[in-house]
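Reading through the C-alpha cells given below for one structure.
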Amino acid sequence: MSIASDVRSYADTALEQGKTTYTDLRTKGEALYGRVTTLPVVEQVSSTVEPYVAQLNGYRTTVTDKVEQLYTDLKKNDQVAKALGVAEQAAGVVIETVNERVVNPVKSLLDRETVTEAKPAAKTPAAEAAPAKSTTPAKAAPAKRTTTRRTTKA
C-alpha cells in the first residue's frame with residue numbers, strides 16, 4: 001500500500017470513529033435529559049430560578065447598552081478609533097478563519113448526521129467496494145515561523 005492510501009484509510013477510520021462517538025454521546029445525553037426532566041425537583045427549581053434569570057437578562061441589557069455607548073464615545077477619538085479599527089479587522093479575520101475551519105465543517109457533519117438518522121441509505125455492493133473520495137479541500141500551507149537569534153556577550 002502506498003503512504004497516501006494508508007493516510008486516507010487512517011483519516012476515514014478516525015472520521016468514522018468521531019461520528020460514532022458523537023452519536024453515542026448524543027444518544028446518552030438525550031436519554032439523560034429525558035430522565036432528568038421527569039423529576040419533580042426540576043419543575044420546582046425551574047420556577048425558583050426563572051425570576052433570577054429574568055433579572056439577569058435585564059442586567060445584561062443595561063450593561064450592553066452602556067458598553068455600546070462607551071464604545072461609541074471612544075470611537076470619537078481618532079487614535080482610539082484607529083486602534084479599534086485594526087482590532088475589529090483582526091477579529092474579523094480570526095472569526096472568519098474559525099468559521100471556515102471549525103464551525104462550518106462541524107455544522108455540515110451534524111447536518112449529515114441528522115439526515116442519515118432520518119433516512120438510512122441502502123448500501124449496494126458496488127458502493128461498499130469503491131473507496132470513498134475525500135471532498136475536503138486541501139489544507140493551506142502553514143505559515144512560516146521567523147526566529148530571531150539572541151547574541152550573547154563574550
Side-chain angles (χ1 to χ4, degrees), residues 1-68 70-72 74-75 81-147:
M1 286 187 129
S2 70
I3 294 175
S5 62
D6 287 345
V7 170
R8 278 190 204 110
S9 67
Y10 174 77
D12 290 341
T13 303
L15 182 63
E16 188 59 39
Q17 288 174 352
K19 287 180 184 177
T20 304
T21 302
Y22 165 77
T23 305
D24 291 345
L25 289 175
R26 182 177 174 184
T27 304
K28 289 177 183 177
E30 288 172 351
L32 180 62
Y33 177 78
R35 287 186 293 178
V36 168
T37 55
T38 60
L39 296 174
V41 174
V42 172
E43 188 66 35
Q44 293 171 347
V45 170
S46 296
S47 63
T48 304
V49 170
E50 283 177 4
Y52 295 113
V53 171
Q55 186 177 14
L56 286 173
N57 281 333
Y59 290 151
R60 179 186 52 84
T61 303
T62 304
V63 169
T64 301
D65 292 343
K66 287 182 180 181
V67 167
E68 286 176 355
L70 178 64
Y71 184 75
T72 303
L74 282 173
K75 283 193 96 169
K82 188 181 280 186
L84 288 174
V86 170
E88 287 174 352
Q89 188 177 17
V93 170
V94 170
I95 290 170
E96 183 179 318
T97 303
V98 168
N99 281 334
E100 179 184 309
R101 295 190 180 184
V102 177
V103 175
N104 293 341
V106 170
K107 264 187 186 177
S108 68
L109 284 175
L110 292 177
D111 290 344
R112 276 193 250 150
E113 184 70 29
T114 53
V115 169
T116 305
E117 288 176 2
K119 181 181 169 188
K123 290 188 177 182
T124 61
E128 291 176 6
K133 291 186 179 180
S134 176
T135 59
T136 57
K139 289 187 175 181
K144 292 184 180 179
R145 290 183 141 180
T146 58
T147 57

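Values below: every heavy atom of this structure, side chains too, minus hydrogens, waters and symmetry copies.
With sequence neighbours excluded, no residue satisfies side-chain hydrogen bond (donor to acceptor under 3.5 Å, both in side chains) with Gln44.
Closest non-hydrogen pair, Pro51 versus Thr48, comes out as CD-O, 3.3 Å.
Rounded to the nearest 0.5 angstrom, Glu96 CD and Arg101 CZ are separated by 10.5 Å. Distance check: Leu70 CG to Asp65 CG gives 12.5 Å after rounding to the nearest 0.5 Å.
Sorted by first then second residue, the side-chain hydrogen bond (donor to acceptor under 3.5 Å, both in side chains) pairs that include residues 53-62, not counting sequence neighbours, are Gln55-Tyr59.
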